[in-house]
Amino acid sequence: MSDYANEITNTLENSPLSIHELRQNLYNAGFHQNFDLVTNEDAGFMEVTIRYFLDLMSSPNSPLNKMMLERTAASYLIIYLVNQLFIAHNDIIELGWLEREFYATDRTKFDGVLFKVGNKSISPALIEFSGGLNDKTSSHKNSKDIEKLYRNMIKVMNDAKTDRMMCMRCYAPFSVIDHYIHFERLVKFDGTMYRKIDATIEIPNTPRKLKAYIKEIPKIFAWKQAVTKHVIDMN
């Protein structure tokens with residue numbers, strides 16, 4: 001992470017658990033006048049998404065504390081976050097959302113597909129939504145979506161003759177009101193497939209959870225950098 005991003009992190013880690021104080025300290029540490037989208041992408045992602053969650057938390061009827069069905073929650077959360085995550089790389093990665101097909105998976109439909117710009121036969125990552133926000137999605141649906149993702153990731157890897165593939169998935173467990181987004185990868189080594197979860201974030205609806213989200217951002221960016229390197233290497 002850059003010095004700019006670390007300054008934001010350190011300032012907010014030391015901030016009181018107050019929406020007002022967090023917002024004020026975000027503006028004190030961030031939003032530099034000489035900001036550059038590409039060279040300051042990590043700080044830019046932090047500024048935009050942290051402010052977004054603060055806005056949602058302080059809004060008159062916060063959607064973070066209501067029930068939202070799968071696609072409504074996706075539009076508020078994972079789609080927004082992923083669009084911001086890759087905005088500085090939209091010259092190499094194109095994002096396709098909602099019922100998108102990818103030829104290497106026998107035209108299976110996914111909630112999101114990351115494509116290589118200029119070549120939709122190449123994808124470094126797939127995305128699935130498993131339920132909405134506070135809607136108590138069953139663990140069975142979550143398990144089926146995990147199986148769907150990894151079965152098709154193996155197909156893509158075999159077709160592209162590559163040793164890795166990434167994915168994202170979101171899930172709200174039935175027994176709790178929280179909503180989680182997982183950043184994952186599948187790697188083949190010595191003929192064996194290994195699944196790795198690089199980062200997991202809980203959608204923040206309180207200042208304490210927002211601080212936990214901020215701590216996960218370096219892991220999210222490590223996952224994102226692996227995706228961008230992978231798509232550049234794929235031909």
Side-chain angles (χ1 to χ4, degrees), residues 1-2 4-5 34-49 52 70-71 73-130 145 148-170 181-188 193 195-199 201 216-235:
M1 301 292 285
S2 66
Y4 184 172
N34 61 347
F35 172 81
D36 179 83
L37 176 65
V38 175
T39 58
N40 304 130
E41 60 166 324
D42 52 358
F45 177 79
M46 295 181 72
E47 290 166 348
V48 171
T49 61
Y52 180 66
E70 183 175 279
R71 290 197 177 182
S75 68
Y76 270 97
L77 304 172
I78 190 169
I79 292 177
Y80 177 83
L81 289 175
V82 176
N83 285 341
Q84 294 299 324
L85 187 61
F86 287 100
I87 193 170
H89 299 276
N90 61 12
D91 59 329
I92 57 173
I93 293 177
E94 178 181 343
L95 306 174
W97 293 110
L98 304 177
E99 297 298 307
R100 294 302 299 265
E101 297 178 348
F102 184 56
Y103 90 101
T105 63
D106 300 325
R107 303 190 71 83
T108 300
K109 292 183 178 180
F110 297 93
D111 294 316
V113 180
L114 275 62
F115 297 103
K116 184 171 186 174
V117 168
N119 189 348
K120 284 191 168 59
S121 67
I122 293 178
S123 171
L126 304 173
I127 300 172
E128 273 297 300
F129 314 146
S130 297
D145 282 346
K148 173 187 173 182
L149 272 173
Y150 279 86
R151 182 183 72 249
N152 284 288
M153 288 164 68
I154 292 171
K155 287 182 181 179
V156 174
M157 290 169 65
N158 290 337
D159 180 78
K161 296 180 174 56
T162 182
D163 62 355
R164 65 197 60 229
M165 182 76 180
M166 287 72 169
C167 72
M168 289 180 64
R169 58 186 185 86
C170 54
I181 298 177
H182 306 274
F183 302 76
E184 307 183 12
R185 72 177 77 190
L186 183 64
V187 178
K188 186 176 183 179
M193 295 288 189
R195 176 191 179 195
K196 179 184 179 184
I197 300 176
D198 290 87
I201 62 169
E216 287 293 303
I217 290 178
K219 297 178 185 178
I220 295 171
F221 259 77
W223 178 89
K224 189 268 304 179
Q225 288 166 354
V227 172
T228 54
K229 182 181 184 303
H230 184 47
V231 79
I232 291 170
D233 291 342
M234 294 176 76
N235 296 305

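Residues take their numbers from the sequence shown, with the count starting at 1. Nothing here was measured: the structure is a model prediction, and the numbers come from that model.
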Residue of the set Asn152, Val156, Thr108 for which side-chain contact (heavy atoms from CB on, under 4.5 Å) holds with Phe102: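 The side-chain contact (heavy atoms from CB on, under 4.5 Å) with Phe102 is passed solely by Val156 among Asn152, Val156, Thr108.
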Answer whether the closest heavy-atom distance between the side chains of [X] and [Y] falls below 4.5 Å.
X: Arg195; Y: Tyr150; value: yes
X: Met168; Y: Ile78; value: yes
X: Leu81; Y: Ile181; value: yes
X: Arg169; Y: Asp145; value: no
X: Val113; Y: Lys120; value: no
X: Arg185; Y: Met165; value: no
X: Met157; Y: Leu186; value: yes
X: Ile201; Y: Phe183; value: yes

Rounded to the nearest 0.5 Å, what's the gap from [atom1] on [X] to [atom2] on [Y]? Could you check?
X: Asp159; Y: Ile154; atom1: CG; atom2: CD1; answer: 13.5 Å
X: Thr162; Y: Arg164; atom1: OG1; atom2: CZ; answer: 7.0 Å
X: Ile92; Y: Thr228; atom1: CD1; atom2: OG1; answer: 5.5 Å
X: Lys161; Y: Asp163; atom1: NZ; atom2: CG; answer: 13.5 Å
X: Arg71; Y: Ile79; atom1: CZ; atom2: CD1; answer: 9.0 Å

Residues [X] and [Y] bridged, charged N to O under 4.0 Å:
X: Asp233; Y: Lys229; value: yes
X: Glu128; Y: Lys109; value: no
X: Glu41; Y: Lys224; value: yes
X: Lys196; Y: Asp198; value: yes

What are the two closest heavy atoms between [X] and [Y], and how far apart are they?
X: Met234; Y: Ser123; answer: CE-O, 3.9 Å
X: Asn90; Y: Val117; answer: O-CG2, 3.6 Å
X: Asn34; Y: Asn40; answer: O-OD1, 4.1 Å
X: Cys167; Y: Ala125; answer: N-CB, 4.4 Å

Check whether NZ of the Lys or CZ of the Arg Lys148 lies under 6.0 Å from the centre of the six-membered ring of Phe110 and within 45 degrees of that ring's axis. yes
Any chance the rings of Tyr80 and Tyr52 have centres within less than 6.0 Å?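 That pair passes the under 6.0 Å test.
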Take Ile87 and Leu37 through the test side chain to side chain contact (heavy atoms under 4.5 Å, CB included) and record every step on the way to the result. CA-CA 8 Å; Ile87 193 170; Leu37 176 65; 3.9 Å; yes
Decide salt bridge (Lys or Arg N to Asp or Glu O under 4.0 Å) for Lys116 and Glu94; before the verdict, give the C-alpha distance in whole Å, the side-chain angles of both, and the deciding distance to 0.1 Å. CA-CA 6 Å; Lys116 184 171 186 174; Glu94 178 181 343; over 6 Å; no
Assess whether atom NZ of Lys155 is packed by more than 12 heavy atoms of other residues, nucleotides or ligands within 6.0 Å.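 Enclosed: over 12 neighbouring heavy atoms sit under 6.0 Å from NZ of Lys155.
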Around atom CZ of Phe86, are there more than 12 heavy atoms of other residues, nucleotides or ligands at under 6.0 Å? yes
I would like to know whether Phe221 and Leu85 meet side chain to side chain contact (heavy atoms under 4.5 Å, CB included); could you show each step before the answer? CA-CA 8 Å; Phe221 259 77; Leu85 187 61; 3.8 Å; yes
Could you walk me through whether Met153 and Met166 pass side chain to side chain contact (heavy atoms under 4.5 Å, CB included), step by step? CA-CA 8 Å; Met153 288 164 68; Met166 287 72 169; 5.8 Å; no
Whether Phe35 and Tyr4 hold their rings parallel, tilted or perpendicular, with breakpoints at 30° and 60°: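 If you compare the ring of Phe35 with that of Tyr4, the planes turn out perpendicular.
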Would a distance-only check, ignoring hydrogens and angles, find a side-chain to backbone donor-acceptor pair under 3.5 Å from Asp36 to Thr39?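 Yes, because the side chain of Asp36 sits within donor-acceptor range (under 3.5 Å) of the backbone of Thr39.
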Working for side chain to side chain contact (heavy atoms under 4.5 Å, CB included), residues Trp97 and Asp111: CA-CA 6 Å; Trp97 293 110; Asp111 294 316; 5.8 Å; no
